[in-house]
Asks: 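Sharing a structure here in structure tokens format.
Each chain gets a letter, A, B and so on, in the order its sequence line appears, and its residues count up from 1. Owing to the predicted nature of the structure, the values given are computational and were not obtained by experimental measurement. Just so you know, these numbers use all the heavy atoms, side chains as well, and skip hydrogens, waters and symmetry mates.
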Number of protein chains: 2
Amino acid sequence: MTTIARLAETAALIGDPARAAMLYALMDGRAFTAGELAQAAGITPPTASGHLAQLVTAGMLAVEPQGRHRYFRIASPEIGGIVEGLMAVTANRVDRLPNPGPRDPALRKARICYDHLAGELGVALFGSLAKAGHINVSPEGAGLTASGTRLLDRLGIEWPESRRLACRPCLDWSERRHHLAGQAGAAICSAALARGWVRRRQGTRTLDITPAGAKAFADSFGVRLG
Amino acid sequence: MTTIARLAETAALIGDPARAAMLYALMDGRAFTAGELAQAAGITPPTASGHLAQLVTAGMLAVEPQGRHRYFRIASPEIGGIVEGLMAVTANRVDRLPNPGPRDPALRKARICYDHLAGELGVALFGSLAKAGHINVSPEGAGLTASGTRLLDRLGIEWPESRRLACRPCLDWSERRHHLAGQAGAAICSAALARGWVRRRQGTRTLDITPAGAKAFADSFGVRLG
DNA sequence: TCGATGTTTCGTCCGCGCCCGAAGCATTCG
DNA sequence: CGAATGCTTCGGGCGCGGACGAAACATCGA
């Protein structure tokens with residue numbers, strides 16, 4: 001198969017409304033059952049099953065059977081990045097809406113992007129870390145600097161030992177600037193959730209920053225949101 | 001229109017084989033006429049015309065009438081990045097082919113990605129510049145460091161004065177690592193072409209590195225290719 | 001002004017693929 | 001073991017959209 005045909009195939013896979021809805025639902029990194037995804041896409045289970053099989057075959061989704069359920073999740077951060085990138089490009093089109101990205105202000109403020117923080121919070125966090133020299137984005141996959149490692153150690157935030165791609169820039173859908181992805185980004189995100197710095201709104205990607213979280217982000221990372 | 005519908009619409013636009021072929025043909029940043037693109041996609045001019053109209057309406061292509069021809073080009077580097085990213089994700093799928101990306105070794109070695117250098121050459125260039133401290137990828141759009149500016153000045157390579165996004169990382173399709181995009185990347189690319197460091201193969205994205213180019217890249221940028 | 005060339009519009013056809021309902025497996029629980 | 005739940009496979013219907021040819025429109029050259 002030629003490169004072009006494969007390119008088209010991949011794009012077409014995302015290009016179906018039902019499949020796009022499922023991918024969108026999975027963009028917060030959680031896993032959902034086939035039935036839940038069918039409901040999210042507004043289609044019947046048989047139809048959803050077919051779509052999901054296609055996405056799994058293409059390597060875009062990973063599946064994890066659990067009892068009589070099958071849990072689907074986005075297969076890799078790269079896939080998540082592509083979907084986020086497509087949304088950014090889409091939002092950029094000025095067909096009708098004046099301002100790009102999601103209209104929900106809370107969603108713009110803070111949300112989960114696959115497995116890390118996005119929105120104003122994510123972008124500000126990335127900026128603060130870089131400005132303070134805690135991360136050092138080099139071409140072949142960024143990494144924490146020594147001071148960044150110390151900072152996370154001091155905060156008791158741990159992440160897998162693999163040095164590669166500890167940080168990864170990810171184009172933010174609404175802000176159209178980069179935010180912090182990669183393993184460090186995921187670690188900070190899960191820590192923020194575990195410690196009650198942010199709270200996930202029931203069944204959405206939206207995050208609410210708690211008062212404790214605002215203080216923690218300001219004190220520990222120097223992040224200050226309007 | 002909902003976010004999901006727009007996401008699907010954008011992806012579906014790339015997801016048609018004929019349109020994907022046209023976008024692929026335009027990925028080297030040059031502009032082509034409607035007829036040329038029709039031929040590239042293997043369809044008749046009327047059909048191509050319809051596809052091109054869709055892409056222009058969606059803001060993915062820009063059109064420039066010139067006499068009785070209409071020249072089409074990719075509307076923005078972001079669009080090019082998405083297409084390149086989709087190819088990277090596509091190549092990542094291990095459905096049949098063992099190694100990702102293009103099979104043509106010359107295409108892997110050096111090629112044009114929208115308006116900048118890609119392939120082994122592009123990745124190596126990015127790495128050398130970063131290692132030498134000539135570029136400093138910070139979150140909100142990378143930039144040349146002072147030494148990077150001096151380097152380009154010394155080489156007589158000029159680029160538009162806009163500081164923002166002078167450099168931009170772009171995921172390399174075949175290497176799966178970043179290469180140098182943005183205005184500095186474009187400037188270096190055009191200088192490399194103008195000075196005969198690389199030569200474009202007739203009608204393709206493939207670049208051949210000339211002996212003079214190999215020397216120039218090694219001496220000026222510290223780039224050394226196997 | 002008139003033909004040649006490039007592009008678009010129109011009308012039509014046709015096939016791919018999405019969708020659903022019904023039935024068939026698989027798994028869990030009473 | 002049988003009933004309930006979740007998912008998948010199968011078969012058939014249907015609509016969207018891509019394909020082309022013919023013709024209209026635009027631009028250039030003679």
Side-chain angles (χ1 to χ4, degrees), chain A residues 1-2 4-26 30-58 60-73 75 95, chain B residues 1-2 4-26 30-58 60-73 95 203:
Chain A
M1 177 164 7
T2 111
I4 297 174
R6 286 154 48 106
L7 162 65
E9 201 181 5
T10 304
L13 226 40
I14 311 177
D16 176 82
R19 285 191 296 264
M22 298 188 191
L23 288 169
Y24 183 83
L26 293 167
R30 288 183 296 176
F32 290 94
T33 68
E36 288 168 338
L37 291 172
Q39 193 175 5
I43 54 181
T44 61
T47 307
S49 180
H51 286 309
L52 290 168
Q54 290 181 66
L55 291 169
V56 169
T57 301
M60 301 186 67
L61 294 187
V63 60
E64 191 176 337
Q66 217 167 92
R68 50 187 164 186
H69 296 279
R70 293 184 75 204
Y71 282 91
F72 296 86
R73 67 174 71 249
D95 37 8
Chain B
M1 177 167 4
T2 129
I4 296 174
R6 287 154 45 109
L7 163 64
E9 201 181 7
T10 305
L13 226 40
I14 311 177
D16 176 82
R19 285 191 295 263
M22 297 190 198
L23 287 169
Y24 183 83
L26 292 166
R30 287 183 296 176
F32 289 94
T33 68
E36 288 168 338
L37 291 172
Q39 192 175 6
I43 53 180
T44 60
T47 306
S49 181
H51 287 308
L52 290 169
Q54 291 181 65
L55 291 169
V56 169
T57 301
M60 300 186 68
L61 294 186
V63 60
E64 191 176 335
Q66 216 167 92
R68 52 186 163 185
H69 297 277
R70 294 184 75 204
Y71 282 91
F72 296 87
R73 66 175 70 249
D95 36 9

Asks: Which nucleotide sits closest to the side chain of P46(A): dA22(D), dG18(D), dT9(D)?
Replies: dT9(D)

Asks: It should be established whether R68(B) places a side-chain nitrogen or oxygen under 4.0 Å from OP1 or OP2 of nucleotide dC25(D).
Replies: no

Asks: Look at all strands and tell whether E36(B) reaches a base, only sugar-phosphate, or nothing, counting heavy atoms closer than 4.0 Å.
Replies: nothing

Asks: Answer yes or no: is there a side-chain heavy-atom contact under 4.5 Å between I14(A) and T10(B)?
Replies: no

Asks: Is it true that atom CD of Q39(A) has more than 12 heavy atoms of other residues, nucleotides or ligands lying nearer than 6.0 Å?
Replies: no

Asks: When you check the phosphate oxygens OP1 and OP2 of dG21(D), does a side-chain N or O of T44(B) lie under 4.0 Å from one of them?
Replies: no

Asks: Does the side chain of L23(A) reach to within under 4.5 Å of the side chain of L61(A), using non-hydrogen atoms?
Replies: yes

Asks: Rounded off to whole Å, could you give me the NE2-to-C1' distance for the H69(B) and dT27(D) pair?
Replies: 10 Å

Asks: List the atom of A34(B), the atom of F72(B), and the distance in Å for their closest heavy-atom pair.
Replies: CB-CE1, 3.8 Å

Asks: Could you tell me the separation between the CD atom of Q39(A) and the C1' atom of dC7(D), rounded to a whole number of Å?
Replies: 15 Å

Asks: Can you check whether L26(B) reaches L37(B) side chain to side chain, under 4.5 Å on heavy atoms?
Replies: yes

Asks: With nearest nucleotide decided by heavy atoms, which residue, A53(B) or Q54(A), maps closer to the 5′ end of DNA chain C?
Replies: A53(B)

Asks: So, for A21(A) and A40(A), which heavy atoms are closest and what is the spacing to 0.1 Å?
Replies: CB-O, 4.3 Å

Asks: Contact boundaries of DNA chain C with chain A (under 4.0 Å, heavy atoms), 5' to 3'?
Replies: dC18(C) to dT28(C)

Asks: Rounded to the nearest Å, what distance is computed from the CZ atom of residue R70(B) to the C1' atom of nucleotide dC28(D)?
Replies: 17 Å

